[in-house]
Amino acid sequence: MQPLVIYNTLSRTKEEFRPLNPPLVGMYVCGPTVYSDVHLGNCRTFISFDLIYRYLVHLGFKVRYVRNITDAGHLEGDRDEGDDKFAKKAKLEQIEPMEVVQRYTVGFHNIMREFNTLPPSIEPTATGHICEQIEMIKEIMARGFAYEMGGTVYFDVEKYSREYNYGQLTNRKLEELLEGTRDLHGQDEKRGRLDFALWIAAKPETLMRWPSPWGWGFPGWHIECSAMSRKYLGDTFDIHGGGMDLQATHHTNEIAQSRACYHSAPVNYWMHTNMLTVNGTRMSKTAGNGFTPQELFTGNHPLLEKGYAPMAVKFFMLQTHYRSTLDFSNEALQASEKGFEKLMNSYATLQSLKGSPNSSENIEALHSKCYEAMNDDFNTPVLIAHLFDAVRIINSTADNKASLTQNDIDLLKKLYNDFVFDVLGLKTEEANSKLSHALDNVVALLLEMRSKAKSEKNFNLSDEIRDKLLTAGLQIKDTKEGTTWKI
RNA sequence: GGUUUCGUGGCCGAGUGGCUAGGCAGCGGUCUGCAAAACCGCGUACAGCGGUUCGAAUCCGCUCGAAACCUCCA
């Protein structure tokens with residue numbers, strides 16, 4: 001079987017994945033800034049990396065998955081001034097900044113649980129690592145790549161560029177980058193226009209502040225990821241991920257900070273997930289064309305015709321490759337909802353299949369095709385196409401149009417457990433067991449009545465029972481072996 | 001303006017030179033008292049123009065169109 005290949009942003013090609021210290025794998029993903037409800041685009045990124053994490057674990061790697069919580073130091077503007085997002089939000093809501101952080105961190109975790117993502121191994125916060133950030137800034141200054149102006153410390157991009165390739169990640173030259181920036185504003189104290197803040201001096205009204213060698217202040221946005229990834233994964237680690245929008249600025253600066261600090265490149269494989277769009281344009285907080293995950297689940301938003309279950313949404317996302325943009329529309333979402341239902345129904349059917357002396361299908365070949373799809377840069381759309389092959393085989397067997405040995409049936413069960421549940425992280429909606437037991441009995445009673453009516457050719461009554469059950473949300477299905485039903 | 005990516009059948013979405021995914025919707029059929037579900041079959045798509053090649057959705061050029069980044073956002 002072909003080895004696992006990963007598209008590396010650094011080389012812009014798919015590369016064979018070779019961890020530094022197998023079977024250990026270090027993976028860092030830029031987490032959310034918890035100053036408001038988690039954005040659906042964020043969710044896509046974290047679902048993508050959850051898939052990657054799950055697959056690496058499935059392959060037997062021992063993965064340390066670090067995903068941070070940004071709870072300080074993320075500025076509103078690009079000019080390194082103004083308050084950070086938490087303090088601003090806290091003032092608006094008249095609460096403590098850490099209250100904002102707590103509220104939205106909890107909300108974020110709840111949504112991630114709805115999507116059935118696994119918790120990371122470590123979830124460090126920026127405010128919990130102020131010391132590490134200050135130490136790193138000191139090291140960068142000691143190597144001459146940063147300078148202090150009035151209590152604010154800036155990273156010297158031009159100086160860095162004389163020794164390293166600053167635009168490496170986006171394949172851009174310094175001159176091109178310089179052309180793209182705006183003119184320096186009069187009040188700005190930076191030396192170069194590409195310079196960015198590592199530490200920002202607190203203003204009298206700044207709520208979130210810490211002491212440092214440069215006075216009271218707070219860390220810049222980019223330094224937290226460099227400091228925390230280094231602390232938990234080492235100077236150089238295997239995978240760093242995030243959304244594509246972080247590539248040009250945040251990740252470029254992370255590389256610069258690490259190299260300026262300890263010379264070596266921090267990451268071997270940079271992975272970037274693509275954006276979520278609505279009607280062809282990017283869903284963003286500022287464009288106002290987005291909805292929250294909660295609104296998506298309930299359908300309580302003008303853009304949504306109805307609510308969609310978390311698993312249906314997740315399945316919809318996984319039907320697109322993580323490096324492609326994904327456009328949200330009711331039509332597409334409903335198509336996925338039905339496809340997901342079909343996939344899950346076949347799993348229930350699979351449980352009732354009986355083995356035959358021989359098989360008309362090659363399940364082992366199907367199994368290895370699934371691995372091939374995933375080994376090709378986590379190609380979930382192709383994986384799902386193979387899973388629908390399994391669906392067809394299962395349903396055909398149930399219809400006596402194909403046959404499977406018990407061994408093959410067990411192999412199919414393993415296929416579902418491996419890929420549908422373990423790797424894709426999908427699950428069926430669980431019903432309350434006591435309630436569902438009672439429901440079973442009630443439906444069985446009604447079906448018995450209907451069956452009696454049918455045998456007496458009282459089709460009016462039998463159809464009435466069927467139609468009223470459908471209205472109540474239960475669909476029944478007559479088969480040769482008897483009548484089955486589902487919600 | 002610069003950098004990058006993309007344009008696939010009604011919709012979503014895989015696919016980097018020949019073997020032409022998959023889902024949803026549609027049509028025809030099998031099954032069925034009728035349904036539903038399931039299964040079988042069908043549509044022969046690759047923005048346009050030109051080029052390379054025995055052969056291109058896939059490589060090259062141009063044109064048109066879209067998006068992302070360059071400025072806070074995954």
Side-chain angles (χ1 to χ4, degrees), chain A residues 12 29-33 35-36 38-49 74-79 82 84-85 167 170-173 175-182 194 221 241-250 252 272-277 280-287 290 315-316 319-321 323-340 342-343 345-346 349 373 376 379-389 391-392 394-402 454 457 459 462-463 466-467 470 475-480 483-486:
Chain A
R12 292 168 187 275
V29 174
C30 294
T33 304
Y35 68 98
S36 66
V38 63
H39 185 255
L40 200 58
N42 268 19
C43 293
R44 184 190 182 196
T45 297
F46 302 138
I47 287 171
S48 296
F49 283 104
H74 205 159
L75 290 169
E76 287 288 336
D78 62 315
R79 279 174 285 142
D84 68 52
K85 290 180 171 176
T170 43
N171 200 19
R172 303 184 65 182
K173 295 187 179 72
E175 306 82 68
E176 292 168 359
L177 287 163
L178 279 166
E179 272 174 36
T181 56
R182 347 172 136 155
L194 289 171
W221 175 36
M244 258 176 201
D245 51 348
L246 296 183
Q247 190 178 311
T249 307
H250 183 54
T252 290
H272 291 98
T273 57
N274 217 319
M275 300 290 108
L276 204 60
T277 61
T281 53
R282 176 177 168 191
M283 187 189 277
S284 77
K285 288 174 185 173
T286 43
F315 183 71
F316 169 65
Q319 274 187 301
T320 304
H321 191 261
R323 281 190 286 113
S324 298
T325 54
L326 173 60
D327 195 57
F328 251 74
S329 68
N330 283 284
E331 210 177 357
L333 228 27
Q334 279 161 31
S336 288
E337 197 175 39
K338 290 187 180 172
F340 176 63
K342 186 172 170 178
L343 181 68
N345 285 345
S346 74
T349 306
D376 184 15
N379 196 330
T380 51
V382 170
L383 168 65
I384 289 170
H386 295 322
L387 291 175
F388 276 107
D389 272 346
V391 170
R392 185 182 43 74
I394 290 166
N395 289 333
S396 295
T397 306
D399 278 6
N400 294 315
K401 284 166 184 152
K454 272 173 73 179
K457 304 271 180 203
F459 294 124
S462 72
D463 286 358
R466 183 179 64 199
D467 295 345
L470 187 64
Q475 188 177 80
I476 64 177
K477 178 181 161 189
D478 292 330
T479 68
K480 283 178 187 126
T483 304
T484 62
W485 61 276
K486 65 181 173 99

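Lettering follows sequence order; numbering is per chain, from 1.
- Pairing for B:G33 is absent, judged as Watson-Crick or G-U wobble with the two contacts each under 3.5 Å.
- Summarising the geometry, the separation between CD on A:Gln247 and P on B:C73 is reported as 14 Å, rounded to the nearest angstrom.
- Straight-line distance from the NE2 atom of A:His39 to the C1' atom of B:C72: 13 Å, rounded to whole Å.
- Looking at heavy-atom distances under 4.0 Å, A:Ser324 makes contact with sugar-phosphate atoms alone, never a base.
- A:Arg12 places its CZ atom 9 Å from the C1' atom of B:U5, with the value rounded to the nearest Å.
- Along RNA chain B, the nucleotide nearest to A:Met244 and the one nearest to A:Thr325 differ in position, and the one closer to the 5' end is contacted by A:Thr325.
- Within 4.0 Å (heavy atoms only), A:Arg392 reaches sugar-phosphate atoms of the nucleic acid but no base atom.
- Residue A:Ser329 places no side-chain N or O under 4.0 Å from the OP1 or OP2 atom of B:C11.
- Nearest approach of A:Ser346 to A:Asn395, heavy atoms of both residues: CB-OD1, 4.3 Å.
- Side-chain N or O atoms of A:Arg44 include none that pairs as donor or acceptor with a backbone N or O of A:Gly243 at under 3.5 Å.
- B:G1 is paired with B:C70 under the Watson-Crick or G-U wobble criterion, all donor-acceptor distances under 3.5 Å.
- A:Thr249 comes within contact range of the sugar-phosphate backbone alone, with a heavy-atom separation under 4.0 Å but no base atom that close.
- Closest approach of A:Ala332 and A:Phe316 over heavy atoms only: CB-CE1, 3.6 Å.
- Protein atom CG of A:Leu246 is 7 Å distant from nucleotide atom P of B:C73, rounded to whole Å.
- Using a 4.0 Å heavy-atom criterion, one finds that A:Asp389 contacts no nucleic acid atom at all.
- Judged by closest nucleotide on RNA chain B, A:Asn395 is the one of A:Asn395 and A:Leu40 placed further toward the 5' end.
- Applying the 3.5 Å distance criterion, the base of B:A74 shares no donor-acceptor pair with the side chain of A:Arg44.
- Residue-level contact check: A:Gly242 touches the backbone only, with heavy atoms under 4.0 Å from sugar-phosphate atoms and none from bases.
- Within 4.0 Å (heavy atoms only), A:Ala385 reaches at least one base atom of the nucleic acid.
- Between A:Lys401 and B:A38 there is no side-chain N or O to OP1 or OP2 distance below 4.0 Å.
- Within 4.0 Å of A:Thr320, counting heavy atoms only, lie sugar-phosphate atoms of the nucleic acid but no base atom.
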